[in-house]
Amino acid sequence: MDLFRLLGGGARFDKKRFKDDIKIIDPSAVDVDEQQVTQQEEDNNVDQQKALLNEIDFFKTTHTIVGGKKKASDSKKNKSKKEQAANGDNHEQLDEEDEEVEEIFQNQEEVQEFRKQNRIRIYGDDVPNPIRKFVNLSTPYYNIRPYIRRNLKENGFDEPTPIQMQSIPIIMKDRDLMACAPTGSGKTLAYLLPIIHDLNGPEKVGYRALVVAPTRELAQQIFREIKRISAGKKFKICMLTKATAATQAQDPKLRQKFDILISTPLRLVHAIQNEEMELDRVQHLVLDEADKLLELGFLEQMDEIFAACTNPNIQKSLFSATIPSGVETLAKTVMKDPIRIVIGAKNAATETIKQELLFVGSEDGKLVAIRQLVQKGLKPPVLIFVQSIERAKELFHELIYDGINVEVIHSERTKAQRDNIIDQFRAGRIWVLISTELMARGLDFKGVNLVINYDFPQTVQSYIHRIGRTGRAGRTGEAVTYFTKEDGPYLKSIVNVMRESGCEVPEWMLTMKKPSQNMRNQLRKSPIERKRINTISSYDKRKIAHKRDIIETSKRRKMEKQTVAKKSDEQSSA
Ligand code: ADP
Ligand code: MG
């Protein structure tokens with residue numbers, strides 16, 4: 001924003017016109033009639049429900065869809081019953097539990113019908129019944145602590161999303177779970193709520209729950225979500241960083257204070273290898289963005305993490321919006337009699353996102369397309385994905401030259417810069433953010449209106465996750481994917497996703513050939529080589545870089561001053 005001002009503006013954005021959006025990203029910014037917002041949300045929900053898809057058999061194998069009757073002989077369940085008794089909140093006999101359940105559903109037909117209405121598909125044995133509403137969790141059968149209900153209310157989580165309806169009872173019953181649900185459909189709460197419930201309260205015995213996520217940014221977001229749902233219950237939560245690992249290495253007793261650990265694989269493996277971390281008490285292990293974590297590159301690290309979690313009663317959950325069948329087969333080897341949930345169509349995009357494929361001719365056509373979009377009036381915030389760090393930097397130079405309020409994020413930026421950019425983007429102070437694959441998964445930006453795939457995604461999964469940064473929690477959003485002649489052969493995969501999620505696709509695209517497995521593997525390994533994004537003279541680039549340096553330095557000085565002021569405040573109050 002500062003840079004934007006310094007460069008003297010450029011593209012204009014109509015704050016009045018977009019006041020609803022500004023309210024979403026920064027509620028204090030505009031005074032909008034509450035009722036109007038609620039009505040809008042209701043409309044969105046109705047639209048979403050209208051857009052139901054045809055049912056598809058994803059697993060193409062024989063499978064059993066079993067209703068919710070549970071076995072009385074479930075040893076894990078008995079274990080947790082015992083724990084509940086010890087906590088003083090046990091509740092009577094199994095028959096009575098069944099009665100409670102029957103209050104929610106009269107019979108198994110009703111359960112099946114409810115699942116069908118909510119597009120919940122389940123695969124596995126003895127699958128617990130879903131819940132209809134959060135209030136069901138307050139019955140003695142589930143006996144959720146009142147503070148959790150309170151936290152749900154305070155966060156505006158009035159009703160469970162379909163993934164939450166089904167996964168909460170499954171995790172509460174300590175069953176292993178593989179869950180595939182669309183982007184922005186509330187998967188985080190779907191695993192956090194039952195885990196927080198089961199942990200009951202802080203215990204100072206060491207880590208009892210572990211959540212692994214592929215990026216630091218996502219891990220931080222999960223950390224905040226745990227804080228929200230567990231507010232009032234002083235759980236000790238550790239987000240593993242170099243610093244937190246080092247302090248726990250120095251004082252092993254410190255490790256015992258924590259209940260929950262969130263980490264990226266690499267950081268955690270490092271800590272395990274340096275004996276800075278004991279995971280033998282972990283009762284719940286979650287892999288968020290599980291398919292990413294089980295890809296080559298992370299797989300070896302995940303292997304070590306699984307090996308370090310030695311508690312025989314561990315409950316494991318895998319969550320993602322995309323779970324390719326290869327990953328599913330692999331995942332089954334580390335799970336015990338898992339239940340699989342699929343919400344909606346498997347490996348499909350969220351239906352509230354309007355998707356478009358745009359032919360831009362050549363590489364140069366992409367910049368023309370972006371500039372046209374800006375001229376027409378871009379509705380911020382906008383997220384733009386490119387295929388490499390190099391290209392992210394190049395595009396940034398182009399757009400900043402156009403006077404757009406733009407930032408760029410990739411793994412070469414410092415942690416402080418990345419944190420700052422994400423905060424600013426969330427707060428609506430950055431309007432256009434250029435990113436590499438770093439931001440494709442998991443990050444929850446409520447207000448993002450448009451995702452532009454400047455460079456064609458390398459996999460279908462990448463496409464689904466990238467565009468899933470918009471259209472979250474039932475909101476609408478748009479996604480435009482640019483393609484050139486070179487991308488043509490890969491188009492059909494995306495066309496299929498679009499069609500499955502209810503988007504209109506031009507007739508000619510439907511008749512295209514699917515790329516071969518070989519071609520897809522090739523593209524997965526390395527992106528298409530593209531002409532550089534470079535229309536600005538090196539003199540102008542240097543000028544921009546110089547101005548940028550000035551701003552960064554002044555920001556840093558300001559932050560340093562604030563830190564010094566804060567320290568002296570703390571000292572004087574001590
Ligand atoms: P996913 O992991 O499925 O992509 P998230 O867990 O990030 O989705 O949730 C997306 C958004 O939906 C978040 O902002 C979250 O706070 C919100 N959310 C989650 N559960 C509910 C609910 N039951 N009601 C309303 N909003 C919810
Ligand atoms: Mg998520």
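Numbering of ligands and ligand atoms starts at 1, following listing order. Predicted model only: the values in this text are computed from it and were never measured.
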Closest protein heavy atom to atom 3 (O) of ligand 1, given as residue, atom name and distance to 0.1 Å: K187 NZ, 2.8 Å
Atom 12 (O) of ligand 1: the protein heavy-atom neighbour that sits closest, reported with distance to 0.1 Å: A473 CB, 3.3 Å
Listed partners of R132 passing side-chain contact (heavy atoms from CB on, under 4.5 Å), at least two apart: I104, F105, E110, F114, N136
Any N/O pair G184/ligand 1 closer than 3.5 Å: yes
K446: numbered ligand 1 atoms lying under 4.0 Å from its heavy atoms: 14 (O)
Aromatic F258 / basic K236 pairing, under 6.0 angstrom, 45° off normal: yes
Numbering as shown, the atoms of ligand 1 that approach E159 to under 4.0 Å (heavy-atom distance): 22 (C), 23 (N), 24 (N)
Polar atom proximity, R228 to ligand 1 (N or O, under 3.5 Å): no
Atoms in ligand 1 with a heavy atom of P182 nearer than 4.0 Å: 3 (O)
Separation between CG of L268 and CG of L266, rounded to the nearest 0.5 Å: 9.5 Å
Shortest protein contact, atom 13 (C) of ligand 1 (heavy atom only): D444 OD2, 2.9 Å
Minimum-distance protein heavy atom relative to atom 18 (N) of ligand 1: F157 CE2, 3.6 Å
Nitrogen or oxygen of G442 less than 3.5 angstrom from that of ligand 1: no
Distance-only polar pair, side chains of T322 and D291, donor-acceptor under 3.5 Å: yes
Whether S185 lies under 4.0 Å from ligand 1, heavy atom: yes
Residue pair Q315 / R175, side-chain donor-acceptor N/O under 3.5 Å: no
Short side-chain donor-acceptor distance under 3.5 Å, R466 and N453: yes
Within 45° cone of Y123 ring axis and under 6.0 Å: R340 NZ or CZ: yes
Atom 7 (O) of ligand 1 - nearest protein heavy atom and its distance: R472 NH2, 2.9 Å
Side-chain (K187) to main-chain (P182) donor-acceptor, under 3.5 angstrom: yes
Interatomic spacing from CD in E217 to CD1 in I409 - rounded to 0.5 Å: 5.5 Å
Min N/O separation Q164 to ligand 1 under 3.5 Å: yes
From R281, R208, K234, residue fulfilling salt bridge (charged side-chain N to carboxylate O under 4.0 Å, His left out) relative to D259: R208
Any N/O pair T183/ligand 1 closer than 3.5 Å: no
Atom 6 (O) of ligand 1 - nearest protein heavy atom and its distance: T188 OG1, 2.5 Å
